[in-house]
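In each ligand, atom 1 is the first atom listed, and ligand 1 is the first ligand listed. Residue indices begin at 1 and follow the sequence shown.
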Amino acid sequence: MEKMMEQFLEQSAQAEENFYRLEEQRLQADDHRRETEHARELHMLQMLGQMFSSMSSARVAGSTAAASPTEPVAERRPSGIRYLGVNPRAFERYFTLGSHRGMDEDVFSLVKTIVPPLTSKKHKGQDGRIGIIGGCQDYTGAPYFAAISALKVGADLSHVFCTKDAATVIKSYSPELIVHPVLDSPNAVEEIEKWLPRLHAVVVGPGLGREDVLLKTAKAGGVCSRHSKARDIPVVIDADGLWLVTQQPSVIQGYQKGILTPNFMEFTRLYEALHHEPMNASDRQRSVLQLSGAMGNVTVVLKGEQDLISDGSKVYSCSVEGSGRRCGGQGDLLSGSLGVLAHWAYAASEMRARSVNPSVVAAFGACSLTRWCNSQAFQQHGRSTTTTDMIQEIGPVFRKLFES
Ligand SMILES: NC(=O)C1=CN([C@@H]2O[C@H](COP(=O)(O)OP(=O)(O)OC[C@H]3O[C@@H](n4cnc5c(N)ncnc54)[C@H](OP(=O)(O)O)[C@@H]3O)[C@@H](O)[C@H]2O)[C@@H](O)CC1
Ligand SMILES: Nc1ncnc2c1ncn2[C@@H]1O[C@H](COP(=O)(O)OP(=O)(O)OP(=O)(O)O)[C@@H](O)[C@H]1O
């Protein structure tokens with residue numbers, strides 16, 4: 001009986017052991033199944049994420065070629081700006097000759113840091129008094145676009161120094177601008193210089209024309225004035241101001257706060273004047289680097305399908321989405337906003353250690369802003385987009401790009 005009892009206990013212990021072994025195997029199989037399911041779910045989520053992100057970039061990129069005016073504007077973001085930051089691929093690349101590495105959000109986040117806070121402690125003028133030297137009988141739109149863009153970006157006061165017959169016209173476009181009909185007066189240089197000590201940046205060239213007398217005034221009263229260079233304020237040179245620089249590069253050569261904003265044609269003229277040889281149009285990065293170097297490290301912004309920005313040591317590229325619409329005046333929006341941003345960038349860099357040339361930071365900001373204004377205006381107006389439509393976008397685009 002005792003033996004039987006022993007056998008029974010042994011068998012039941014064995015059965016219990018088997019049971020637990022099988023149970024353990026079952027649990028292990030369960031774990032394995034759960035892990036596989038989890039991995040599969042994860043994989044599916046990743047694939048869905050990739051699908052959504054490529055769908056949204058395709059949607060945004062597609063809008064460059066074809067407008068979708070029905071799409072709600074508020075839902076759109078600049079390609080490259082998603083979630084907290086910037087998509088490095090869409091936004092910009094950073095080149096040094098011989099090497100090439102992603103630079104991503106560095107410059108873009110620096111633009112955000114130069115924007116001065118809006119506080120009730122400041123008085124009118126502290127966030128920027130910008131002067132535009134340009135505007136003649138033929139061209140009244142260009143100086144207006146530049147000056148109003150400076151205001152819309154956040155300058156407190158925007159002055160235009162133009163010829164007498166352009167002044168009334170420009171005033172009639174906007175009561176916000178301070179317009180000085182001095183460019184063709186006999187004492188034009190003194191008239192401009194009266195104001196220069198109060199200005200934080202000057203933009204020379206939009207709508208200036210190429211009459212000798214006006215170019216001479218712009219040179220003496222703006223580019224070379226003791227009040228601009230000696231006071232060390234940013235001098236942005238655009239349009240016909242670049243014609244002047246092509247004739248006499250020394251007017252701005254070596255001035256570290258000088259910024260040139262040529263379109264391709266203006267760039268080619270300037271390049272060939274300095275290098276005495278045809279430019280290699282297939283290697284624009286190299287050309288822009290060389291031109292900036294030859295100009296004594298003045299910052300050069302070569303506008304185009306991609307904007308290339310160089311201070312002679314590196315080339316930055318801004319390819320924020322724009323549109324296929326190339327109406328006149330977009331460059332004026334860029335140079336006017338650049339005037340303000342350059343002032344802010346240098347003011348901010350006085351308080352902080354510089355990691356990137358402030359002119360480059362400002363140029364990158366102005367290019368991004370102009371291009372995205374173009375894209376947003378195009379969403380609404382398509383082929384009939386004009387620079388006035390782009391200027392209306394400056395406020396919301398600035399907020400979205402630099403204040404969110
Ligand atoms: N509403 C107004 O008041 C406005 C006034 N403005 C004022 O007009 C003044 C003159 O400026 P601008 O740019 O028209 O003169 P300019 O350098 O002779 O260029 C014309 C020649 O260059 C060429 N070309 C141009 N771009 C090119 C490119 N990316 N790539 C290649 N080629 C290009 C083009 O060649 P085409 O197509 O004829 O072959 C053309 O022959 C200046 O004061 C400016 O501020 C403007 O701001 C607009 C709004
Ligand atoms: N092919 C392009 N694709 C996208 N954006 C472009 C293209 N060409 C120029 N832009 C953008 O348009 C803006 C003005 O450049 P543009 O070459 O039209 O200057 P501009 O000829 O000096 O202008 P303006 O008509 O004011 O004289 C810049 O911000 C630039 O990035």
List ligand 1 atoms under 4.0 Å from R269, heavy atoms only on the residue side.
16 (P), 17 (O), 18 (O)

Yes or no, since that's all I need: does a protein heavy atom fall within a distance strictly under 4.0 Å of atom 5 (C) of ligand 1?
yes

May I ask you to identify the nearest protein heavy atom to atom 20 (P) of ligand 2, giving residue, atom name and distance to one decimal place in Å?
K303 NZ, 3.5 Å

Could you find the nearest protein heavy atom to atom 31 (C) of ligand 1 and give me its residue, atom name and distance?
F264 CD2, 4.1 Å

Using protein heavy atoms only, decide if any is under 4.0 Å from atom 24 (P) of ligand 2.
yes

Report the nearest protein non-hydrogen atom to atom 1 (N) of ligand 1: residue, atom name, distance rounded to 0.1 Å.
G141 CA, 3.8 Å

Considering only the protein, which heavy-atom contact is closest to atom 41 (O) of ligand 1, and what is its distance?
M265 CE, 4.4 Å

What class does the angle between the rings of F161 and H180 fall in, given that below 30° is parallel, 30 to 60° is tilted and above 60° is perpendicular?
parallel

side-chain contact (heavy atoms from CB on, under 4.5 Å) evaluation trace for D127 with L118
CA-CA 9 Å; D127 274 347; L118 293 169; 4.0 Å; yes

Considering only heavy atoms, does Q330 approach ligand 2 within less than 4.0 Å through its side chain, its backbone, both, or neither?
both

Are any of the protein's heavy atoms under 4.0 angstrom from atom 12 (P) of ligand 1, yes or no?
no

Between F402 and F398, what is the ring plane arrangement, given parallel below 30°, perpendicular above 60°, and tilted in between?
perpendicular

Within the 4.0 Å heavy-atom shell around P206, which atoms of ligand 1 are there?
45 (O)

Can you report which non-hydrogen protein atom sits closest to atom 27 (O) of ligand 2, along with the distance?
D332 OD1, 4.6 Å

Using a 4.0 Å cutoff against the non-hydrogen atoms of R210, which atoms of ligand 1 qualify?
15 (O), 16 (P), 17 (O), 18 (O)

among protein heavy atoms, the one nearest atom 45 (O) of ligand 1 is G207 N, 2.9 Å

Protein contact to atom 30 (C) of ligand 2 [nearest heavy atom, distance to 0.1 Å]
D307 OD1, 3.3 Å

Can you list the ligand 1 atoms lying under 4.0 Å from a non-hydrogen atom of L208?
43 (O)

Using a heavy-atom cut-off of under 4.0 Å, does the side chain or the backbone of A239 touch ligand 1, or both, or neither?
side chain

Minimum-distance protein heavy atom relative to atom 17 (O) of ligand 2
N263 CB, 3.6 Å

Heavy atom of the protein closest to atom 26 (N) of ligand 1 (residue, atom name, distance)
N263 ND2, 3.5 Å

Which segment of E305 sits under 4.0 Å of ligand 1 when only heavy atoms are counted
neither

Does atom 47 (O) of ligand 1 have a protein heavy-atom neighbour under 4.0 Å away?
yes

In terms of residue, atom name and distance, what is the protein heavy atom nearest to atom 14 (C) of ligand 2?
G331 N, 3.5 Å

Which of the numbered atoms in ligand 1 are under 4.0 angstrom from any heavy atom belonging to D240?
9 (C), 42 (C), 43 (O)

With heavy atoms under 4.0 Å as the rule, classify the contact between T370 and ligand 2 as side chain, backbone, both or neither.
side chain

Proximity winner for atom 9 (C) of ligand 2, if only heavy atoms of R326, R371, M390, R325 are counted:
R326

Near L334 (heavy-atom distance under 4.0 Å), the atoms of ligand 2 are 28 (C), 29 (O)

Considering only heavy atoms of D332, which atoms of ligand 1 have at least one such atom less than 4.0 Å away?
45 (O), 46 (C), 47 (O), 49 (C)

